[in-house]
Peer 1: 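First the structure, which I've put down as structure tokens, then a few questions once you've had a look.
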Amino acid sequence: LGRLYQESIPPEARKNLGAFFTKPKAATILATVAIDRWDEKILDPACGSGTLLTETYKRKKKLAPTHLSEEELHRKILFGIHGIDIMHFAHNMTSINLLAQNLTVPAGLENIKAGDGLEPMVISVSCEKNDPPAMRLIDWIERVRPERLPHENFDVVIMNPPFTRRERLSEVGELDRLEKLFRDAFKGEVVRGKVGYWAYFMSAADNMIKPKGKLAMVTPEEFFAGGSAESLRRFLFFNETFRERKYMPTKKPSRRYVIDYVIRSGKEVAFSEAALYRDYLVVFRKTKGKDKKPLSFIILKKPLDEMMEEEVATQ
């Protein structure tokens, strides 16, 4: 369905949206190294046709306890998977992909929504003490304002965000909106320089991730190299230009991110279909203080089509 999704979008629209679907084998690897428990709450704020969320479902199912019935397991896994996409066409394909994981069990899918996935992360709302630990996305939407998501309520944010270039954002008038949104929500410039749309998704995802949670992301090479993404790296790794947010009612404790995995292909340019620029699979972990876990830098020596992705991910 991911390839169908990409080929169905007119080329000009695909260019404007930066819409490239994640290769399924790459999605398997990323979901496997990012998800540790079957009951983790997952969000993809730019879910596209649902390739990453489908692999998330499969990973959670493998980790699930054996005493659950097939029907109960299917519904519980779906309950913990949340996705948003700006295109109704894409959000419907995600729903089809997830419901197709068990065609024999009737199930609703209210946690996959059509709409802007970026602004709800920036203008998030704090969880109340009396709220249940896992709440349906639709319940949050009905209880609070439609454009907000629960703050720090997800164990993993997994995504292949739109890679729309900054110049294109400016041409369509989106850049001014983004800069105002982030300027109002953050003290200091978290995103600056010539980075693209992906950088806004990356920084906003922090609002969604629980302490000790993870950001698993198809990450462009420009995040690691050069000065364009320096402010974003400082935001993630050194906790700079971060505190005193307009929309946060309480003061948050200090936090930073460490990298658990960087995965690079030695044979292919990208993990996204038809992409022309190098990208990586990266798992960031939200932590406080010192962290002694080593970073694993992995180079895949075969093309994805020649690999047994689950075996590779396990190794």
Side-chain angles (χ1 to χ4, degrees), residues 1-2 21-85 91 93-113 117 132-140 149-150 152-160 205 208-218 260-261 263 271 281-286 308-315:
L1 283 179
F21 92 97
T22 313
K23 295 175 182 177
K25 290 192 175 186
T28 300
I29 294 171
L30 186 60
T32 301
V33 298
I35 298 170
D36 298 322
R37 304 191 321 272
W38 81 280
D39 59 349
E40 288 182 328
K41 194 171 183 181
I42 313 295
L43 170 67
D44 185 344
C47 60
S49 63
T51 304
L52 283 168
L53 290 183
T54 301
E55 295 306 318
T56 292
Y57 179 102
K58 295 175 182 177
R59 171 64 173 167
K60 286 162 72 76
K61 187 174 183 179
K62 287 186 177 180
L63 297 172
T66 56
H67 67 272
L68 296 175
S69 68
E70 187 176 347
E71 180 175 340
E72 184 180 12
L73 176 61
H74 181 59
R75 289 178 174 167
K76 281 183 177 292
I77 290 177
L78 291 180
F79 183 83
I81 293 177
H82 301 252
I84 308 173
D85 199 272
H91 119 270
M93 293 188 81
T94 296
S95 299
I96 292 170
N97 253 329
L98 288 171
L99 292 173
Q101 299 309 304
N102 193 325
L103 294 171
T104 65
V105 177
L109 202 58
E110 296 171 317
N111 288 336
I112 307 300
K113 308 298 294 182
M135 185 178 257
R136 295 185 309 165
L137 184 59
I138 190 143
D139 291 335
W140 273 101
L149 281 171
E152 289 194 335
N153 199 42
F154 295 91
D155 298 288
V156 179
V157 172
I158 188 169
M159 61 177 171
N160 186 351
M208 301 292 98
I209 301 169
K210 294 178 180 179
K212 300 182 181 180
K214 296 177 182 178
L215 170 61
M217 178 173 157
V218 181
D260 284 345
Y261 298 97
I263 304 173
F271 292 108
L281 306 179
V282 187
V283 177
F284 304 84
R285 183 162 42 85
K286 194 174 191 175
M308 299 293 291
E309 66 277 13
E310 292 182 13
E311 180 181 347
V312 169
T314 302
Q315 291 174 355

Peer 1: What are the two closest non-hydrogen atoms of Ile29 and Ile263, and how far apart are they?
Peer 2: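 Closest approach of Ile29 to Ile263, heavy atoms only: CG2-CD1, 3.7 Å.
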Peer 1: Donor-acceptor check, side chain of Asp44 to backbone of Met159, threshold 3.5 angstrom: yes or no?
Peer 2: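 It does not hold such a pair.
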Peer 1: Taking only Lys NZ, Arg NE, NH1 and NH2, and the carboxylate oxygens of Asp or Glu, determine whether Arg75 and Glu71 approach each other closer than 4.0 Å.
Peer 2: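 Between Glu71 and Arg75 there is a salt bridge, with a charged N closer than 4.0 Å to a carboxylate O.
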Peer 1: Which residues pass the side-chain contact (heavy atoms from CB on, under 4.5 Å) test with Asp36, not counting sequence neighbours?
Peer 2: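 By the side-chain contact (heavy atoms from CB on, under 4.5 Å) rule, Asp36 matches Glu40, Lys214.
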Peer 1: If you round to the nearest 0.5 Å, how far is CG of Leu215 from CZ of Arg285?
Peer 2: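 Answer rounded to 0.5 Å: 12.5 Å.
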Peer 1: Rounded to the nearest 0.5 Å, how far does CG of Leu43 lie from CD1 of Ile209?
Peer 2: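 The CD1 atom of Ile209 sits 9.0 Å away from the CG atom of Leu43.
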Peer 1: Would you name the heavy atoms of Lys61 and Leu73 that are closest together and state the gap between them?
Peer 2: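 Smallest interatomic distance, heavy atoms only, reads CG-CD2, 4.0 Å.
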Peer 1: Give a yes or no on whether the backbone of Thr51 and the side-chain of Glu55 come within a donor-acceptor separation of less than 3.5 Å.
Peer 2: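 Pair absent, no side-chain N/O of Glu55 close to backbone of Thr51.
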Peer 1: What's the shortest heavy-atom distance between Asn153 and Lys41, and which atoms?
Peer 2: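 Result for this residue pair: ND2-NZ, 2.6 Å.
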Peer 1: If I compare all heavy atoms of Gly83 with all of Cys47, which pair ends up nearest, and what's the gap?
Peer 2: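 Looks like C-SG, 4.0 Å.
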Peer 1: Which residues pass the ring pair (Phe, Tyr, Trp, His ring centres under 6.0 Å) test with Phe284, sequence neighbours left out?
Peer 2: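 Phe284 satisfies ring pair (Phe, Tyr, Trp, His ring centres under 6.0 Å) with Phe223 once adjacent residues are dropped.
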Peer 1: Got a second to check how far Leu30's CG is from Arg59's CZ, nearest 0.5 Å?
Peer 2: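 Result: 11.5 Å between the selected atoms.
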Peer 1: Provide the closest heavy-atom pair for Lys286 versus Lys210 in the form atom of the first, atom of the second, distance.
Peer 2: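 Nearest heavy atoms, Lys286 then Lys210: CD-O, 3.5 Å.
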Peer 1: Should the pair Lys23 and Phe271 be classed as cation-pi, given the thresholds of under 6.0 Å to the six-membered ring centre and 45° from the axis?
Peer 2: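 No.
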Peer 1: Roughly how far apart are Ile81 CD1 and Leu109 CG, rounded to 0.5 Å?
Peer 2: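 Between atom CD1 of Ile81 and atom CG of Leu109 there are 8.5 Å.
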Peer 1: Assess the residue pair Thr56 and Ile35 against the criterion (side-chain contact (heavy atoms from CB on, under 4.5 Å)); give the C-alpha distance rounded to whole Å, side-chain angles, the decisive distance to 0.1 Å, and a yes or no.
Peer 2: CA-CA 8 Å; Thr56 292; Ile35 298 170; 3.5 Å; yes
Peer 1: Where is the tightest heavy-atom contact between Asp39 and Asp155, given as atom of each residue plus distance?
Peer 2: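 Closest heavy-atom pair between Asp39 and Asp155: O-OD2, 4.4 Å.
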Peer 1: Going from CG on Leu52 to OG1 on Thr22, what distance comes out if it is rounded to the nearest 0.5 angstrom?
Peer 2: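 It comes to 4.0 Å.
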Peer 1: If only atom types and distance count, is the side chain of Asn111 paired as donor or acceptor with the main-chain N or O of Phe79 below 3.5 Å?
Peer 2: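 Judged by distance alone, yes, a pair lies under 3.5 Å.
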Peer 1: Which residue, Ile96, Leu98, Leu99, forms the side chain to side chain contact (heavy atoms under 4.5 Å, CB included) with Ile112?
Peer 2: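 For Ile112, the side chain to side chain contact (heavy atoms under 4.5 Å, CB included) check succeeds only for Leu98.
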Peer 1: Nearest 0.5 Å please: distance from the OG1 atom of Thr32 over to the CD atom of Glu309.
Peer 2: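 Rounded to the nearest 0.5 Å, the OG1-CD separation comes to 8.5 Å.
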